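Step one of this worksheet: look at the structure below.
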Amino acid sequence: MLQKLAASLLLLVTCSSSVTAQSARSNSNPSPPACSARTLHLSDPPYQDYFYSDCHVDAQAVVTSPLPDSNLSIIGPRFIVAWPAGNSGICTFFQPQSGKNGSLAIELVNSTLGAPLGPIYNKTKDSANPVVGVEGVLSFNNSAELPIAILGSVRNIRDFTEGPSLLSPIIQAGIKVTKFQKTGAQISRLWLDNVTTTTFTLVPWKNSDNHIQIDNTTLRFGSGFYHFTASFNYPQLKQLTPSQILNEQSQSLVKQQPETISSLSFFSYTEKLLAGGWRFLTYFGRDSMLTALLLQPVLSTGNGSAIEAVIGAALERVNRTDGSVCHEETIGDYATFVNLQNNITSTAAGFTYPMIDTDYYLPVLMARYFGSSPERISPLLSTKAGSIDIGNLNLTWRDLSYATASKIMNITAAFEQNQTVDNLIALKPDQSVGQWRDSSWGLAHGRIPFDVNCALAPAALYAISSLAAMPGVYPNNSVTQKWTTVAAQRAKVWEDKTLQFFQYSMTAKTAVARLTEYTSKNTFYDGPTNGDSASDYSTNGTIIDYGLAINSTTTPEVIPITHTDTAFRHYLLNTTDDEQLTTFINASANAVLRPFPAGLSTPIGVVVANPALSNNDVLIANFPNSAYHGTVVWSWQLALMAKGFERQLERCHGSSNVTDIPSSITNATATPQFCSNKGVYTALKAAYNKLWDIIENNSEQLESEVWSWTYSGGKNGTEADFKFSPLAVLPPPPGAGSATESDVRQLWSLTFLSVTRNKGFS
Ligand SMILES: *[C@@H]1O[C@H](CO)[C@@H](O)[C@H](O)[C@H]1NC(C)=O
Ligand SMILES: *[C@@H]1O[C@H](CO)[C@@H](O)[C@H](O)[C@H]1NC(C)=O
Ligand SMILES: *[C@@H]1O[C@H](CO)[C@@H](O)[C@H](O)[C@H]1NC(C)=O
Ligand SMILES: *[C@@H]1O[C@H](CO)[C@@H](O)[C@H](O)[C@H]1NC(C)=O
Ligand SMILES: *[C@@H]1O[C@H](CO)[C@@H](O)[C@H](O)[C@H]1NC(C)=O
Ligand SMILES: *[C@@H]1O[C@H](CO)[C@@H](O)[C@H](O)[C@H]1NC(C)=O
Ligand SMILES: *[C@@H]1O[C@H](CO)[C@@H](O)[C@H](O)[C@H]1NC(C)=O
Ligand SMILES: *[C@@H]1O[C@H](CO)[C@@H](O)[C@H](O)[C@H]1NC(C)=O
Ligand SMILES: *[C@@H]1O[C@H](CO)[C@@H](O)[C@H](O)[C@H]1NC(C)=O
Ligand SMILES: *[C@@H]1O[C@H](CO)[C@@H](O)[C@H](O)[C@H]1NC(C)=O
Ligand SMILES: *[C@@H]1O[C@H](CO)[C@@H](O)[C@H](O)[C@H]1NC(C)=O
Ligand SMILES: *[C@@H]1O[C@H](CO)[C@@H](O)[C@H](O)[C@H]1NC(C)=O
């Protein structure tokens, strides 16, 4: 992504990106067969990101170098290389040897070793796995020192960069620093598995006066060029090529959108898709399944396809005991580390299940896929589990998919009988998070989230109903035979009876008073309240809204934060209670039509949460523009909302009869009443187009994970006073050590490949 900057800056602000294919050099002897490389450079100041993939290795390098306007307590010179294999990496921190912070800039430059990255590939007798990695030349404008290096797992690196700078003694104790090639230095670490070694070397390059001094574990060296290598000997994943990821009709995207496809390829492997780089180069259940849903129109199908990699990865990692779908896997060095914390000596991968939403995506995705590829049911579900999660040995993926469906049927049963808050789905008792807003204030400490209850659970029940009717999905027994009807009837109850628990309202007049208060207290926004829009975009003078969550069963207050999770319901369900649907469509369209702070729209994006109408100082303080799930913009939420609005608009035109739901039960094919309510239909269409205008105006950011904005206009300011800002450079939210660094590319932010503007609705 390309952030436009004032022109005066350092040479490393290239404002350009490039995708190149180059032929890989190799250090091995004899040479392996030709192995062409795919590279991508993304400029995201103060970060420069470089991706490198060939037949031996996949790597992302990130160079951070402070800009003249950088906050130097947050941004310092740093060099990371991250590898999907084992979710591994190296992270090195630099500082000026003399002179003040900010006086050291680093840069990765093209050289005969790479442009700028070249491959390391060394097949040696010493190691079962070849030593692979990347090399290149780093340039330092000043004398520098390297006091801290973390080698091993990206999870250990994140514990340091995202936590309160936590270094793990057992990991750091393994660091060995030695002289290398006379003038250089080598930093290496044997993993806790006693087999894998990560190595980083730095040697003066065309810079013969210099040599690196080693002072205990700190390196000191003069300005100039240095040849670096970063390598390890660990089994590699098998990447899917662009043409393997896309279905036949979508192959042209490889040429039309080469950068996006290159990023998608970097995240796509035979065994799983990865959530994002550099921080999440590993399996995340929610991210990959949501992506597969939105990208389904362009993804390949069948054996070895992208969509089966996603479904298979989720099934393989299901908890066989309770059917939970895995949120995140713990692999590589971090797996051995976590086992050791539990007094177990083992390198076995671990699987975590803290989330409550992830389960529901699985049947929805399976129903959509098997609905169009029924011939894949038997081969995919007969796959024997246990190749990744050894705890699932002796089971098939069919058994695991049944366990998840059984869990969902069990957890949703009580609400069908009695529609009380107690019977809604809440976060797990020992967890403080449980759906995609998984930061400490993401749900404002609410326990009963909107998305799971009002969208994901009913959608999953409809999907289980469809799957139960497909031969070969679930084991054929007296329980599953009834699911076709039982699950659909239950889905209807969840669809119709949950929304009311989350609804709250206020008069437009109250809203205006709250906006004045919010704006006067706000530390990052002192612009207009946009109070006029509170009455312009209301329901006859009343603002109707749906809370982010319900606080708890004992204190069942709605948490009055306006949010984008309404999009889940638009995208996943064609609800048929007309009175409820008309109100819901009108309210969620109005929330987008109202400009911030009255609603969700800013010129920089639709924010995922807004506490401005809450009349609650604690909420207002904890949902700022620097909080990970605060008044910030997430690309995939824009995509989900665009698709959700589009699906509802389509219902008014009968332009699609695709449906997962047995229409005998839902009557979902009838045209809903909101279509003939002129005010509501117009609001929906206007919201759809406003959203797309905003998406198009921010196209440079769309493939990144999350971003934010600053405002500098004062009371009489205009839209032009909103400016894009990376999240990580803003002062941290209350209680946080630092704001979160966004991934330059995130899997689910690539979904605009198939989520496109429907001009028919303009
Ligand atoms: C390859 O590895 C061997 C054994 O560790 C080492 O001696 C050799 O220098 C390496 N070759 C290159 C080109 O790095
Ligand atoms: C480095 O090499 C790449 C690939 O050839 C090229 O696209 C890029 O422009 C070069 N960068 C500079 C600063 O010359
Ligand atoms: C690695 O070696 C150490 C020292 O011999 C031993 O204590 C440890 O259990 C070994 N770790 C593994 C995972 O085998
Ligand atoms: C070398 O560094 C280690 C780790 O930072 C430290 O524990 C040790 O005391 C240092 N040794 C000397 C001689 O400074
Ligand atoms: C799987 O679920 C069971 C039952 O809830 C639980 O006891 C177990 O800890 C879970 N496994 C993992 C790896 O979390
Ligand atoms: C691991 O063993 C140590 C020492 O015996 C003990 O203090 C600790 O509680 C154990 N940890 C776990 C998770 O069992
Ligand atoms: C799988 O089956 C084998 C042989 O029946 C048994 O030894 C093993 O414990 C089983 N593994 C699991 C995880 O159930
Ligand atoms: C669901 O409930 C049934 C009946 O109590 C039980 O047999 C089954 O194990 C439960 N399923 C899961 C995945 O917990
Ligand atoms: C539903 O739950 C409420 C609250 O727990 C209880 O008072 C009521 O009797 C229940 N109704 C039925 C039909 O079970
Ligand atoms: C506003 O009130 C009028 C008259 O009662 C009604 O026809 C209209 O549907 C209401 N608007 C909305 C959006 O509910
Ligand atoms: C929210 O619920 C928690 C318990 O989960 C409770 O401590 C807190 O007081 C409740 N907050 C409000 C505003 O009711
Ligand atoms: C809802 O209806 C739209 C338009 O008819 C259709 O594209 C979509 O697939 C339907 N969604 C579901 C979940 O059935």
Side-chain angles (χ1 to χ4, degrees), residues 155 282-286 313-331 334-344 346-363 366 385-386 388-434 448 453 457 460-461 463-464 467-468 473-483 486-487 489-490 493-494 497-498 500-501 550 552-556:
R155 284 292 305 273
T282 187
Y283 164 91
F284 279 87
R286 172 196 308 123
L315 289 173
E316 170 67 24
R317 293 161 175 79
V318 165
N319 180 332
R320 65 189 292 163
T321 311
D322 69 3
S324 296
V325 180
C326 176
H327 168 58
E328 182 180 3
E329 61 184 358
T330 306
I331 57 173
Y334 205 76
T336 319
F337 174 76
V338 169
N339 290 333
L340 204 57
Q341 309 298 301
N342 295 319
N343 297 331
I344 299 165
S346 164
T347 59
F351 303 90
T352 64
Y353 305 91
M355 299 295 162
I356 57 165
D357 64 336
T358 308
D359 304 341
Y360 304 97
Y361 289 101
L362 180 59
M366 285 174 62
I388 306 289
D389 184 350
I390 53 175
N392 283 339
L393 277 171
N394 302 350
L395 299 179
T396 60
W397 285 355
R398 178 177 292 105
D399 300 327
L400 293 161
S401 108
Y402 176 52
T404 301
S406 166
K407 176 184 180 183
I408 293 171
M409 292 305 289
N410 288 357
I411 215 167
T412 53
F415 188 79
E416 186 183 11
Q417 300 309 313
N418 194 355
Q419 291 90 50
T420 63
V421 172
D422 287 13
N423 290 335
L424 289 171
I425 301 166
L427 305 189
K428 295 186 178 181
D430 57 344
Q431 297 293 334
S432 60
V433 298
I448 303 171
N453 287 285
L461 287 166
I464 288 170
L467 289 165
V473 176
Y474 297 129
N476 189 3
N477 62 37
S478 59
V479 177
T480 56
Q481 276 162 9
K482 296 194 197 112
W483 278 357
V486 169
Q489 279 165 351
R490 188 180 296 168
V493 176
W494 278 85
K497 306 288 184 201
T498 43
Q500 64 211 47
F501 289 100
I550 292 167
S552 69
T553 47
T554 44
T555 47

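This structure is a prediction, so every number in the text was calculated from the model and none was measured. One-based numbering along the sequence shown. In listed order, ligands and their atoms are each counted from 1.
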Checklist entry - Going through the checks in order, is the side chain to side chain contact (heavy atoms under 4.5 Å, CB included) test met by Val318 and Asp389? => result CA-CA 9 Å; Val318 165; Asp389 184 350; over 6 Å; no
Item to check | Protein contact to atom 11 (N) of ligand 8 [nearest heavy atom, distance to 0.1 Å] | outcome: Ser406 OG, 2.8 Å
Next on the checklist: Show, in sequence, the C-alpha distance, side-chain angles and deciding distance for Gln419 and Leu424, and conclude whether the side chain to side chain contact (heavy atoms under 4.5 Å, CB included) test is met.
Outcome noted: CA-CA 8 Å; Gln419 291 90 50; Leu424 289 171; over 6 Å; no
Checklist entry - Backbone or side chain, does any N or O of Asn418 fall under 3.5 Å from an N or O of ligand 9? => result yes
Next on the checklist: Strictly inside 4.0 angstrom of atom 14 (O) of ligand 9, do you find any protein heavy atom?
Outcome noted: yes
Next on the checklist: Is the ring pair Tyr474/Tyr402 parallel, tilted or perpendicular, if the boundaries are 30 and 60 degrees?
Outcome noted: tilted
Checklist entry - So, for atom 8 (C) of ligand 8, does the protein have a heavy atom nearer than 4.0 Å? => result yes
Checklist entry - Going by the atom numbers of ligand 8, which of them fall below 4.0 Å from some non-hydrogen atom of Ala403? => result 13 (C)
Checklist entry - If hydrogens are left out, which of Val479, Asn410, Thr404 has an atom nearest to atom 3 (C) of ligand 8, that is, the closest non-hydrogen atom? => result Asn410
Checklist entry - Can any side-chain N or O of Asn392 pair as donor or acceptor with the backbone N or O of Ala385 at less than 3.5 Å? => result no
Checklist entry - Which ligand 8 atoms are under 4.0 Å away from a heavy-atom of Asp322? => result 13 (C)
Checklist entry - Any heavy atom of Thr420 sitting closer than 4.0 Å to ligand 9? => result yes
Next on the checklist: I'd like to check which ligand 5 atoms, numbered from 1 as shown, lie under 4.0 Å from a non-hydrogen atom of Asn319.
Outcome noted: 1 (C), 2 (O), 3 (C), 8 (C), 10 (C), 11 (N), 12 (C)
Next on the checklist: Quiz question for you: does at least one protein heavy atom lie closer than 4.0 Å to atom 5 (O) of ligand 8?
Outcome noted: no
Item to check | Ligand-side contact atoms (ligand 5) for residue partner Tyr353, heavy atom cut-off under 4.0 Å | outcome: 12 (C), 13 (C), 14 (O)
Item to check | Ring-face cation of Arg317 near Tyr283 (centre distance under 6.0 Å, axis angle within 45°) | outcome: yes
Checklist entry - Angle class for the His327/Phe284 ring planes (parallel below 30°, perpendicular above 60°, tilted otherwise)? => result perpendicular
Next on the checklist: When you measure from the side chain of Glu416 to the backbone of Val493, do you find a donor-acceptor pair of N or O atoms at a distance under 3.5 Å?
Outcome noted: no
Item to check | Check: Met409 and Ile464 side chains under 4.5 Å, non-hydrogen atoms | outcome: yes
